[in-house]
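Bear in mind the structure is a predicted one, so any value in this text is a computation, not a measurement. We name chains A, B, ... by the order of the sequence lines, and we start the count at 1 in each one.
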Amino acid sequence: MKQQTFKKEERLRSLKVIEQLFDRNNAANLSVGVYPLRFIYQKNERSGKKMPEILISVSKRNLKKAVIRNLIKRRIRESYRLNKGKYDLKSLSYLAVLFIAKENLSFELIQKSMDKFLNRISKGNSV
RNA sequence: GAAAUAAGUCGUCUUAUCGCUUCGUUCCGGCGAAGAGGAAAGUCCGAACAGCACAGAGCAUCAUGCUACCUAACGGGUAGGGGGAAAGGUUAAAAAACCUUUUUCACAGAAAGUGCCGCAGAAAAUUAUACCGCCAUUAUAUGAUGGUAAGGGUGAAAAGGCGGGGUAAGAGCCCACCGGGUUAAUAGUGAUAUUAAUGAUUGGUAAACCUCAUGAGCUGAAAAACCAAAUAUACCUGCUAUUAAGAAUUGCUCGUUCAAUGCAGGAGGGUAGGUUGCUCAAAAUAUCGGGUAACCGAUAUUGUAGAUAAAUGAUAAGAAUUUCGUUUAACGGAAUACAGAAUUCGGCUUACAGACUUAUUUCUUCU
RNA sequence: GCCUUCGUAGCUCAGUGGUAGAGCACUUCCUUGGUAAGGAAGAGGUCGGCAGUCCGAUUCUGCUCGAAGGCU
């Protein structure tokens, strides 16, 4: 329960890293789709930082209204904040979370998807 | 009491747990305070503010367009004038006229000039070129020549309308009334209205070009300033100390300025973080006063988001409103609109579940 | 945040005030033993939507919906 914070240090803000993360030719980028979310991440060793940096994106193409986009971004962030404390995320350095669905979805669905992904990552790390 | 229309106001609330942003405080563990809208939207107008330019002048371009007022300003608003439409009333045989109410109008100029007006029609615009018709003459029984725009027909629109005189038949050819034009007087700040005189009286279109009047320098906070880091007045090519050519002068021209630490191009390198701008402002609320109103003035109180890939959220419980079912006052289910600040204001436009207030009209019930 | 352009037949596009067109595709017929090509005929449009100007709007004006692109 100590790790339920989400401050500025955990947000991905560097343009260079973002460009690197969305480069399709880069072999270090791994991608997993768990509806309604898609995760793009890197497993590099990180030095000095305690937690991974995360980026959340909701496309304007799929969801026209700003109110709904904001709501979904907040729900994704909330689901990450509540679930990250359960698992060991030492291997994860950068993570981009994309919203794929074309309609508004409830918090429950997003949370399930996030939980599944984090579970898989932490297991991969232990093996 | 219900419905419709118009105008205006509001537009879910409370508690708990875990979080986010800013500010304050701190014994650095924390603690406290504040935290989306009426449209924050569209980006359609107008400003503030900032940078660049600025001796100045002209042209072009764009916008606005009845009058007065409000306003920092406006293409916004208020009031008035005029035109159109609808309803009712009065006069009247009818056409129509007048009055009242409601509603609506991007409402300067077509007598400065140019263009356009398909099809139909004789003719679509410098006193018109005659299809049918009417009249005259002539030959003859239907043609020819001439006159005629009153009637028919065509069309969205036919050279003011209507009645009388007049005439071979007709025509503002002449006259009365009406409409419109011009001039004058009176009323009004003005748009305009009323009255009088005057002359036969020139289709529509300017959301076609255009004319007139008024206004606008250009670019927008990703503007701009400072700090840190990095550094380059590196290098190459061209242009020039005189004329020419060139460059700048932010649409063009004149004019003005420029001589190397300059201008233009090439190739290449670095940074891409922070602070200010940034939220106290043409501020909001209340009361009183002025004004038909938009709005203005005085007094008091309040101190009201400031993020930067971008905070204002998630979960649980309860309440409120609407609706559906069971069934008659409780239970259960569902729903609670439009929509998210990005420098800040004033408007306009568009979206909006539901609730409330006021006014008008209609219907019903009671007195 | 700011700016620009485009919505016309199933698809790609013309048309810029006066009866909405072309190519490909589609349907029917001819041709062939059969198919393709070729020939003949035909169907298919609220000109994105709502208002206004005009006698008349795809065209002009305003609002609105959607799509694409640019500035950085």
Side-chain angles (χ1 to χ4, degrees):
Chain A
M1 295 298 282
K2 292 174 190 172
Q3 298 296 322
Q4 287 192 354
T5 59
F6 185 72
K7 298 209 170 183
K8 262 186 179 178
E9 293 77 46
E10 295 181 45
R11 293 180 196 163
L12 180 52
R13 298 157 82 190
S14 167
L15 276 170
K16 282 182 181 174
V17 175
I18 291 169
E19 269 182 38
Q20 199 184 336
L21 200 59
F22 283 92
D23 185 3
R24 286 176 183 256
N25 299 324
N26 195 335
N29 293 337
L30 302 172
S31 175
V32 176
V34 184
Y35 186 85
L37 303 176
R38 171 167 284 278
F39 302 89
I40 299 173
Y41 58 95
Q42 289 187 353
K43 277 193 161 185
N44 305 341
E45 296 292 322
R46 59 173 184 277
S47 56
K49 290 175 184 172
K50 293 179 181 177
M51 294 300 294
E53 293 188 3
I54 180 172
L55 171 148
I56 297 164
S57 170
V58 180
S59 171
K60 192 175 184 178
R61 193 169 298 244
N62 295 338
L63 294 161
K64 302 279 179 193
K65 292 181 182 177
V67 176
I68 296 173
R69 284 204 304 275
N70 280 347
L71 185 63
I72 288 173
K73 273 197 252 179
R74 284 164 184 158
R75 280 177 173 165
I76 292 171
R77 201 179 57 211
E78 199 69 8
S79 69
Y80 175 74
R81 183 179 70 79
L82 293 173
N83 287 308
K84 68 179 180 180
K86 300 181 192 171
Y87 307 106
D88 182 14
L89 300 173
K90 275 180 185 172
S91 67
L92 204 58
S93 61
Y94 301 115
L95 172 67
V97 183
L98 313 182
F99 191 80
I100 297 169
K102 292 194 176 180
E103 55 190 348
N104 191 6
L105 293 171
S106 68
F107 178 73
E108 264 184 67
L109 261 168
I110 295 168
Q111 199 175 13
K112 272 184 191 172
S113 164
M114 178 66 76
D115 195 46
K116 229 180 200 177
F117 168 73
L118 291 177
N119 189 19
R120 197 183 298 181
I121 285 290
S122 63
K123 277 180 183 172
N125 184 48
S126 63
V127 170

Can you check the distance between [N] and [M], where both ends of the measurement are the [atom1] atom (answer in whole Å)?
{"N": "B:C105", "M": "B:U202", "atom1": "C1'", "result": "28 Å"}
{"N": "B:U350", "M": "B:U78", "atom1": "P", "result": "16 Å"}
{"N": "C:A22", "M": "C:C54", "atom1": "C1'", "result": "31 Å"}
{"N": "B:U102", "M": "B:G75", "atom1": "C1'", "result": "29 Å"}
{"N": "C:C55", "M": "C:C50", "atom1": "C1'", "result": "23 Å"}
{"N": "B:U343", "M": "C:C2", "atom1": "P", "result": "8 Å"}
{"N": "B:G277", "M": "B:G51", "atom1": "C1'", "result": "13 Å"}
{"N": "B:C363", "M": "B:A335", "atom1": "P", "result": "43 Å"}

Syn or anti conformation of [N], syn meaning chi within 90° of 0:
{"N": "B:A171", "result": "anti"}
{"N": "C:U16", "result": "syn"}
{"N": "B:G153", "result": "anti"}
{"N": "B:U279", "result": "syn"}
{"N": "C:G23", "result": "anti"}

Does [N] have a Watson-Crick or wobble mate here (both distances under 3.5 Å), and if so which one?
{"N": "C:U27", "value": "C:A41"}
{"N": "B:G190", "value": "none"}
{"N": "B:U202", "value": "none"}
{"N": "B:A307", "value": "none"}
{"N": "B:A197", "value": "B:U182"}
{"N": "B:A259", "value": "none"}
{"N": "B:G251", "value": "B:C59"}
{"N": "B:C352", "value": "none"}

**Asked** Which part of the nucleic acid, if any, lies within reach of A:Arg77 when heavy atoms closer than 4.0 Å are counted: base, sugar-phosphate only, or nothing?
**Response** sugar-phosphate
Rounded to the nearest Å, what distance is computed from the [atom1] atom of residue [X] to the [atom2] atom of nucleotide [N]?
{"X": "A:Asn83", "N": "B:A314", "atom1": "CG", "atom2": "P", "value": "16 Å"}
{"X": "A:Arg75", "N": "B:G313", "atom1": "CZ", "atom2": "C1'", "value": "10 Å"}
{"X": "A:Met114", "N": "B:G313", "atom1": "CE", "atom2": "C1'", "value": "15 Å"}
{"X": "A:Ile68", "N": "B:A337", "atom1": "CD1", "atom2": "P", "value": "12 Å"}
{"X": "A:Glu78", "N": "B:G313", "atom1": "CD", "atom2": "P", "value": "11 Å"}
{"X": "A:Lys84", "N": "B:C18", "atom1": "NZ", "atom2": "C1'", "value": "13 Å"}
{"X": "A:Arg69", "N": "B:A311", "atom1": "CZ", "atom2": "P", "value": "12 Å"}
{"X": "A:Ile54", "N": "B:C20", "atom1": "CD1", "atom2": "C1'", "value": "15 Å"}

**Message:** Between A:Ile72 and A:Val67, is there shared hydrophobic-cluster membership here, with clusters defined by ILVMFWY side-chain heavy atoms closer than 4.5 Å?
**Reply:** no
**Request:** Using a strict cut-off of less than 4.0 Å between a Lys/Arg side-chain nitrogen and an Asp/Glu carboxylate oxygen, indicate whether A:Glu78 and A:Arg81 qualify as a salt bridge.
**Result:** yes
**Least distance between heavy atoms, A:Ser79 atom then A:Ile110 atom** = OG-CG2, 3.8 Å
**Message:** Testing the basics here: between A:Met114 and A:Leu37, what is the closest heavy-atom pair and its distance to 0.1 Å?
**Reply:** N-CD1, 4.3 Å
**Message:** Return whichever of A:Asn70 or A:Arg74 has its heavy-atom-nearest nucleotide of RNA chain B closer to the 5' end.
**Reply:** A:Arg74
**Request:** Report the residue (A:Lys73 or A:Glu108) whose heavy-atom-nearest nucleotide on RNA chain B is the more 5′ of the two.
**Result:** A:Lys73
**Message:** A:Tyr80 vs A:Ile54, test: side-chain contact (heavy atoms from CB on, under 4.5 Å). Steps then yes/no.
**Reply:** CA-CA 9 Å; A:Tyr80 175 74; A:Ile54 180 172; 3.7 Å; yes
**Item:** A:Lys73 side chain reached by A:Phe99 side chain, heavy atoms, under 4.5 Å
**Value:** no
**Item:** Min side-chain heavy-atom separation A:Ile121-A:Tyr41 under 4.5 Å
**Value:** yes
**Prompt:** Of the nucleotides B:A314, B:C18, B:G340, which has the atom closest to the A:Leu71 side chain?
**Reply:** B:A314
